[in-house]
Amino acid sequence: MDDGTTTCRTVGWNGISFSCPVNWETFVSGNRHLVFEQDFQPVFELRWHTNTKDRHAAVLRNLQQESDLSLQTTLPSSWKALTASYSVSLLTEKKHSIIKAALLTCRKCHTSILVFFEDSAGSLKDSHNLLRSLQCHPGKENDCTLWAIQDFQLQIPADFILDNYSFAAGLSRLSFSRAGTTLYVCRLAPAAERLQTASLAEIMLTLGDIPVDTAAVIHEDDSVCYQSQPTISQQILIRLKRKMPFHWMTLRHHRREDRLSGLFFEDKKPLPEKTIHAILASYDIIPL
Amino acid sequence: MTLFPSKSDSVPSRSQALQCVPKRNDTIHWEELDDGSILFTYPLPLSPFFLALYKRFGKNRGGSPTRKLQLDKLGSHVWQQIDGKRSVKEIIYNFSKSHNITVQEAEHAVTAFLKSLGQRELIALH
């Protein structure tokens with residue numbers, strides 16, 4: 001599977017982003033836990049935690065207590081490039097002194113990042129490249145978090161918190177919330193087979209789970225959109241049913257990539273149009 | 001030596017399961033329909049008591065009760081890949097390429113499908 005060239009792609013998940021080899025499959029194992037596999041064998045794991053102050057020494061002490069790994073006192077030259085941005089500590093196996101884990105703490109945002117190497121010899125070079133490209137805090141000009149996993153990516157304001165996610169066969173879903181607003185991001189594949197049995201509007205209304213006639217849906221080129229505009233009395237009635245009165249949803253067909261991408265917003269109050277359009281503009285499918 | 005090995009000992013790991021080669025059950029009758037989908041006709045596993053009842057009172061008294069199962073396009077494609085030589089891993093890679101989905105998604109779909117075929121005794125893993 002590996003032809004020797006290291007073509008990379010960007011991965012972004014819950015506050016961190018980096019570039020990793022395209023032949024590494026990224027598995028989301030938790031809200032802040034990613035596992036990388038090559039040819040169905042795990043090679044590399046990444047866990048992280050955001051802190052308000054530098055907890056490098058405390059986390060390192062806990063790691064040493066709870067594992068049989070020992071601290072490597074001298075840092076190899078290949079790791080020294082990382083020390084400009086991170087406090088770096090390496091943990092090795094006591095018997096063979098093979099590097100098994102690394103703890104990195106960002107000097108700027110104090111995020112603790114634990115790297116675990118499953119296959120040290122094979123993955124170490126690619127892992128170094130990955131760690132050099134690591135970003136754990138948003139840039140000055142942009143307060144958005146990059147979410148780039150599988151073959152889709154989008155930028156979401158950092159105050160949207162990840163609630164849930166699922167990666168089923170052909171349907172990936174992420175859900176976020178911010179002060180009463182709920183956002184669902186979904187991506188379906190392959191689009192051609194989905195569209196054989198249902199129209200774009202029908203798929204969107206099924207995913208959005210609201211009983212609306214397809215006639216109310218706005219059709220554009222390769223996309224459909226629906227926005228609810230309830231009157232005051234309708235809002236009261238919907239709220240009595242303990243449902244959200246304001247909905248905004250869209251489903252786009254990416255013909256070339258054979259994918260469907262959807263965004264679904266719901267709230268008790270009118271939705272922020274500017275934020276919606278900014279997220280929609282950043283949502284794209286990246287061919288693997 | 002343990003007389004009754006624990007269940008966890010007999011469950012293969014993920015990497016072992018991916019190396020396994022699925023093999024079709026030769027006793028199962030299946031046919032390819034005009035639209036390319038696969039139709040199975042397989043015997044319904046019944047206890048001797050219910051089998052005796054079926055033979056006495058059932059419509060087809062001479063034979064044993066059967067059930068039919070028609071696969072969709074994706075399932076039929078996986079069934080065609082099962083040739084007793086390709087491993088689960090190879091089937092996953094082929095499925096991922098032919099349907100333009102990620103390997104991760106193909107693994108979810110293919111393993112769940114093979115599991116359901118195995119539960120119906122239509123395939124065995126070697």
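Naming: A, B, ... by sequence-line order, numbering from 1 per chain. Note that this is a predicted model, so its numbers are computed, not measured.
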To the closest 0.5 Å, what do you measure between [atom1] ([X]) and [atom2] ([Y])?
X         : Y         : atom1 : atom2 : answer
Arg259(A) : Asn100(B) : CZ    : CG    : 4.5 Å
Ser96(B)  : Glu25(A)  : OG    : CD    : 7.5 Å
Asp151(A) : Ile101(B) : CG    : CD1   : 10.5 Å

Donor-acceptor pair, His108(B) side chain versus Phe167(A) backbone, under 3.5 Å?
yes
So for Leu18(B), is it side chain, backbone, both, or neither that comes closer than 4.5 Å to the heavy atoms of chain A?
side chain
Check the pair Glu107(B), Phe27(A) against side-chain contact (heavy atoms from CB on, under 4.5 Å), reporting the backbone distance first and the verdict last.
CA-CA 12 Å; Glu107(B) 186 187 346; Phe27(A) 282 79; 3.9 Å; yes
Under 4.5 Å from any heavy atom of chain B - which part of Ala192(A)
neither
Just so I know, are the side chains of Phe40(A) and Val88(B) near enough to count as touching, which here means a heavy-atom distance under 4.5 Å?
no
Work out which heavy atom in Leu74(B) is nearest to a heavy atom in Glu193(A); give both atom names and the distance.
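Minimum heavy-atom contact is CD2-OE1, 3.0 Å.
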Measure across Glu105(B) and Ser172(A) and return the closest heavy-atom pair with its distance rounded to 0.1 Å.
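Nearest pair, atom of Glu105(B) first, then Ser172(A): OE2-OG, 4.4 Å.
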Just give me the residue among Arg187(A), Gln41(A), Glu257(A) that pairs up with chain B most often, heavy atom to heavy atom, under 4.5 Å.
Arg187(A)
Inspect the surroundings of [atom1] in [X] and state if more than 12 heavy atoms from other residues, nucleotides or ligands are less than 6.0 Å away.
X         : atom1 : result
Arg9(A)   : CZ    : yes
Glu121(B) : CD    : no
Asp209(A) : CG    : no
Arg14(B)  : CZ    : yes

Chain A: which of His99(B), Lys73(B), Lys89(B) shares the most heavy-atom pairs with it under 4.5 Å?
Lys89(B)
